[in-house]
S.K.: 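Handing you a structure now.
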Amino acid sequence: MAELDLQKIVSHCKEYGFVFPSSEIYDNLGAVYDYGPFGVELKNAIKEYWWKSMVQMHDNIIGIDAAIFMHPTTWKASGHVDSFSDPLIDNKDSKKRYRADVLIEEQIEKYKNKAQKELDKKGIDTNASDEEKARASRNYNKALQLEAEYIKAAEAENFKRYKELIEEHEIACEVSGSKNWTDVRQFNLMFATKLGSLEESSTDLYLRPETAQGIFVNFLNVQKTARMKVPFGIAQIGKAFRNEIVARQFIFRMREFEQMEMQFFVRPGTELDWFEKWKEIRLKWHLALGTNPDDLRFHVHEKLAHYANAAEDIQFNFPMGFKELEGIHSRTDYDLSQHQKYSGKKLQYFDSELNQNYVPYVIETSIGLDRMFLRVMSESLKEEELENGTRTVLALPPALAPIKVAVLPLVRKDGLPEKALEIYNQLRFIGRAFYEEKDSIGKRYRRMDAIGTPYCITVDHQTLDDNTVTIRERDTMKQERIGIDKVEEIVRKKVDINNLLKKAI
Ligand code: ATP
């Protein structure tokens, strides 16, 4: 669980050069963020961990890097033009905008949380049936009823009913406390732009709202050129854009963000087995980071998208509670079939073992890089009480740390900087190293703790005599005197990405 609240994490990210609000000198652009010098290193390390474990460690997965712009028919075929929208609702008094579905889902959650307390008091087992729980708790009953009504309304895309449910359950605006709502309207989340210089001959384009379609339209190109046999996967990391209605909670919900997606193509009929396998593989990847297993859970989608026959999220216990981090979806043959229909080109695979052509079924694993960044930040950032005050430490898995090692001369004279720079120039081959001679050694240690540097190497006068240095470990703060010739091996071992990959596979 995150130790610190979201506001502390946001401030730390800004103060230490991890994440800045976009165009800050112009008072920010809502829900768009820039990654700073240490943020970009951490982000790249997360990408490396994902890419290596998915592509390098799986013989049957290859990567691509598709363009952000795609032919506009792509989005017609995928269903995004007609139905990639959110139901929005405004509070007339505060003028604050909400997603109607989220308001209802949060209300269900509230009822459930209240119910849990009632059930605990009455000693009702968590494994008791819904009927038993509903009998014992009025709030549980309310949650079940609202959930059932909500699913019915969602399946029928009956947004009028959303408003009725919001009114019936007396859901109030968190700002004004008022229950004075507008009607629910559908709002398409895609950003539109123009291709071509002349207004009259230009074509409407969209910034891609997901990276997946770049994989689907390239299915045959990739399968043929890389000579892949079903089952196989195509992975991609790239930007996606969504005009989110409610864009709060820092980098959890952004308008421009990055996804790490993998589409796994399988024989029709085998998809649910693969769905289970991918759930297991992805959970292992998350746990390899040393996360407390209680902070990760699967969440089964109550309302499935029309093209899916199974869908679950991996949720993480963020500072604002359990929220989606990654989606694992069984998308059937929907996307390839739609592109086949709209393009008039066959997107089939000849299975030589079955002697048969078919449109493969697809399991998708899709994780937001920025959400993963927030998760890593929120589980690593800690405030520790020490005898001489509080220490802020970013206890990142060493392989993800932006700076792998810092080299610090004790003083800025007597040949210590020269010796320290010699060591620094050796260590920079391991990964990003850092050299700093300003401020007291204590201050420099604290700064390195705050950006998550696993080791600090201090060069002092004794170093010049006997070629030994002090190595300080971030988490334990233990200091040890070792020979310079040992430093490289110790640091290399600790920050090696293979430590993670071996646990993840
Ligand atoms: P949510 O329900 O939170 O809007 P979603 O179900 O629409 O998410 P998907 O379309 O399944 O999300 O996208 C896959 C992943 O991309 C999500 O699990 C999330 O990690 C990430 N993601 C989606 N939207 C955003 C966003 N606006 N900002 C940052 N990451 C996002």
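Predicted model only: the values in this text are computed from it and were never measured. In each ligand, atom 1 is the first atom listed, and ligand 1 is the first ligand listed.
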S.K.: For ligand 1 and M254, I'd like to know whether there is a polar contact (N/O to N/O, distance under 3.5 Å).
M.R.: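 Yes, there is a polar N/O contact under 3.5 Å.
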
S.K.: Which ligand 1 atoms, with their elements, are less than 4.0 angstrom from a heavy-atom of H329?
M.R.: 11 (O)

S.K.: When you measure from atom 17 (C) of ligand 1 to each heavy atom in E364, E324, M372, which option holds the nearest one?
M.R.: E324

S.K.: Could I get the full list of side-chain hydrogen bond (donor to acceptor under 3.5 Å, both in side chains) partners for S137, not counting sequence neighbours?
M.R.: E118

S.K.: Under 4.0 Å from a heavy atom of R253: give me the atoms of ligand 1 that qualify, with their elements.
M.R.: 1 (P), 3 (O), 4 (O), 26 (C), 27 (N), 28 (N)

S.K.: Locate the shortest heavy-atom distance separating F69 from Y206; write the atom from each residue and the value.
M.R.: CD2-O, 3.9 Å

S.K.: Among all protein non-hydrogen atoms, which one is nearest to atom 22 (N) of ligand 1, and what is the separation to 0.1 Å?
M.R.: F257 CE1, 3.5 Å

S.K.: What atoms of ligand 1 come within less than 4.0 Å of a heavy atom belonging to E244?
M.R.: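 Near E244, meaning under 4.0 Å from one of its heavy atoms, ligand 1 has 24 (N), 26 (C), 27 (N).
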
S.K.: Output the list of atoms in ligand 1 that are nearer than 4.0 Å to some heavy atom of E326, sorted by atom number.
M.R.: 18 (O)

S.K.: Do V222 and I62 touch side chain to side chain, with heavy atoms closer than 4.5 Å?
M.R.: yes

S.K.: For the pair N188 (side chain) and V81 (backbone), establish whether a donor and an acceptor sit closer than 3.5 Å, ignoring hydrogens and angles.
M.R.: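 Yes; at least one donor-acceptor contact below 3.5 Å.
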
S.K.: Under 30°, 30 to 60°, or over 60°: which ring-plane class applies to Y33 and F250, parallel, tilted or perpendicular?
M.R.: perpendicular

S.K.: Atom 21 (C) of ligand 1: which protein heavy atom is closest, and how many Å away?
M.R.: G368 CA, 3.6 Å

S.K.: Using the ring of each side chain (for Trp, its six-membered ring), is Y49 parallel, tilted or perpendicular to W285, with breaks at 30° and 60°?
M.R.: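 Plane angle under 30°, so parallel.
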
S.K.: Check whether any heavy atom of E210 sits under 4.0 Å from an atom of ligand 1.
M.R.: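 Outside the 4.0 Å threshold, so no.
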
S.K.: Checking a contact table here: which protein heavy atom is nearest atom 19 (C) of ligand 1, and how many Å away?
M.R.: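 Scanning the protein heavy atoms, the shortest distance from atom 19 (C) of ligand 1 goes to R371 NH1, 3.4 Å.
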
S.K.: Just to check, does L325 reach to within less than 4.0 Å of ligand 1 when the distance is taken from its heavy atoms?
M.R.: yes

S.K.: Considering heavy atoms of the protein only, find what lies nearest to atom 13 (O) of ligand 1 and give residue, atom and distance to 0.1 Å.
M.R.: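 I find the closest protein heavy atom is Q259 NE2, 3.4 Å.
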
S.K.: Should one rank R242, E105, R255 by closest heavy-atom distance to atom 5 (P) of ligand 1, which comes out on top?
M.R.: R242

S.K.: Students often mix this up, so state it plainly: with edges at 30° and 60°, are the rings of H301 and H329 parallel, tilted or perpendicular?
M.R.: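 Rings of H301 and H329: perpendicular, over 60°.
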
S.K.: Give the atom numbers and elements of ligand 1 that come within less than 4.0 Å of a heavy atom of G327.
M.R.: 18 (O)

S.K.: Look at the aromatic rings of F38 and F18 and report parallel, tilted or perpendicular, splitting at 30° and 60°.
M.R.: tilted

S.K.: Which residue and atom name correspond to the protein heavy atom nearest atom 29 (C) of ligand 1, and how close is it?
M.R.: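 The closest heavy atom on the protein side is F252 O, 3.3 Å.
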
S.K.: Could you walk me through whether K76 and D82 pass salt bridge (charged side-chain N to carboxylate O under 4.0 Å, His left out), step by step?
M.R.: CA-CA 7 Å; K76 192 77 195 147; D82 296 323; 3.0 Å; yes

S.K.: Aromatic rings F219 and F232: how do their planes relate, parallel, tilted or perpendicular, breaks at 30° and 60°?
M.R.: parallel

S.K.: Please identify which atoms of ligand 1 are closer than 4.0 Å to at least one heavy atom of S366.
M.R.: 13 (O), 14 (C), 15 (C), 18 (O)

